[in-house]
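Everything on this sheet refers to the single structure shown next.
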Amino acid sequence: MAGPSSRHNVVIRERTAADDEAIRRLNDLAFDGTFESTLVAELRAAMLDAVELVAIEDGRVVGHILFSALTMLIDDEAIPTLALAPMSVHPEHRRAGIGSGLVQAGLVLASRREWQAVIVLGHPDFYPRFGFSAELASSLDAPFEGDAFMALELVDGALDGDDGLVVYPPAFRLAS
Ligand SMILES: CC(C)(COP(=O)(O)OP(=O)(O)OC[C@H]1O[C@@H](n2cnc3c(N)ncnc32)[C@H](O)[C@@H]1OP(=O)(O)O)[C@@H](O)C(=O)NCCC(=O)NCCS
């Protein structure tokens, strides 16, 4: 992402601290609770926030996405990998491509920053259109399994190997 990118009258750009209160309100609304806002705050505090974008329409934050660093070991070698979570779009702005725009812009920026892979736990009908694959994730030793747990290589073959281990940071409140 060379600069803010436009989609209709929506601009997708990197988050600044001035967006944070609006991001918190958006996530609390979209997820009907505070777990995701707390997750975002803790990931930032741990300096694991690697790619964080907002979608702006008429000056308002209507979408948000965070990609954060986590530990991915492939045959004991650390592979620079991001977790996509959370992502939200304001209920009144859904099904207009804003979520897709956030994912695509985030993946472009992640790639430019030389991250090699991304994993996500999310809707199995949504993420495969960006190249995420449950099959690719299925061989990883991780706290999740099944169709909703998906992986994407930004560098071909990044996740190739005999043993893959995913360790989420404590902010996700998971056993690994
Ligand atoms: C998921 C979300 C970010 C999508 O944002 P969006 O701007 O509507 O996304 P787009 O317009 O780019 O794409 C819409 C697609 O989202 C998918 N989608 C949205 N909600 C979904 C759900 N609950 N289950 C499955 N797919 C869903 C649909 O496949 C839809 O595709 P279609 O229109 O071709 O059927 C938005 O619905 C949202 O904020 N949901 C609440 C929070 C959430 O669930 N976040 C994601 C966690 S994985």
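Each ligand, and each atom within it, is numbered from 1 in the order the structure gives. Please read these numbers as outputs of a predicted model, since none were measured by experiment.
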Determine, step by step, whether Asp28 and Ser37 satisfy the side chain to side chain donor-acceptor pair (under 3.5 Å) criterion, reporting the C-alpha distance in whole Å, the side-chain angles of both residues, the deciding distance to 0.1 Å, and the verdict. CA-CA 7 Å; Asp28 290 350; Ser37 295; 2.5 Å; yes

Minimum-distance protein heavy atom relative to [atom]:
{"atom": "atom 14 (C) of ligand 1", "answer": "Phe126 CE1, 4.1 Å"}
{"atom": "atom 39 (O) of ligand 1", "answer": "Val89 N, 2.8 Å"}
{"atom": "atom 19 (C) of ligand 1", "answer": "Arg95 NH2, 4.3 Å"}
{"atom": "atom 7 (O) of ligand 1", "answer": "Gly99 N, 2.8 Å"}

Is there side-chain contact between Arg44 and Arg15, with heavy atoms separated by less than 4.5 Å?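 When only atoms from C-beta onward are counted, Arg15 and Arg44 do touch, with a gap below 4.5 Å.
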
Ligand 1 contact by His90, heavy-atom criterion under 4.0 angstrom: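 No, His90 has no heavy atom closer than 4.0 Å to ligand 1.
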
For ligand 1, which atoms have a heavy atom of [X] less than 4.0 angstrom away?
{"X": "Gly122", "answer": "48 (S)"}
{"X": "Ser88", "answer": "39 (O)"}
{"X": "Gly97", "answer": "10 (P), 11 (O), 12 (O)"}

Taking [X] for its side chain and [Y] for its backbone only, find out whether a donor-acceptor pair lies under 3.5 Å.
{"X": "Asn27", "Y": "Glu36", "value": "no"}
{"X": "His123", "Y": "Asp125", "value": "no"}
{"X": "Thr81", "Y": "Ile79", "value": "yes"}
{"X": "Arg129", "Y": "Phe126", "value": "yes"}
{"X": "Gln116", "Y": "Glu153", "value": "no"}
{"X": "Asp19", "Y": "Thr16", "value": "yes"}
{"X": "Arg24", "Y": "Ala22", "value": "no"}

My understanding is that we take every heavy atom of each candidate and find the minimum distance to atom 12 (O) of ligand 1. Doing that for Gly63, Gly101, Ala30, Ser100, which one comes out nearest?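 That would be Ser100.
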
Per atom 41 (C) of ligand 1, closest listed option by heavy atom (Arg94, Met87, His123):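 Looking at heavy atoms only, the winner is Arg94.
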
Looking at the rings of Phe149 and Phe132, which for Trp means the six-membered one, are their centres under 6.0 Å apart?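 They do not qualify: ring centres at least 6.0 Å apart.
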
Does [X] reach ligand 1 with a nitrogen or oxygen that is under 3.5 Å from one of the ligand's nitrogen or oxygen atoms?
{"X": "Phe31", "value": "no"}
{"X": "Ala96", "value": "yes"}
{"X": "Arg129", "value": "yes"}
{"X": "Tyr127", "value": "no"}

Protein heavy-atom contact under 4.0 Å for atom 28 (C) of ligand 1?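 Flag for atom 28 (C) of ligand 1 set to true, protein heavy atom closer than 4.0 Å.
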
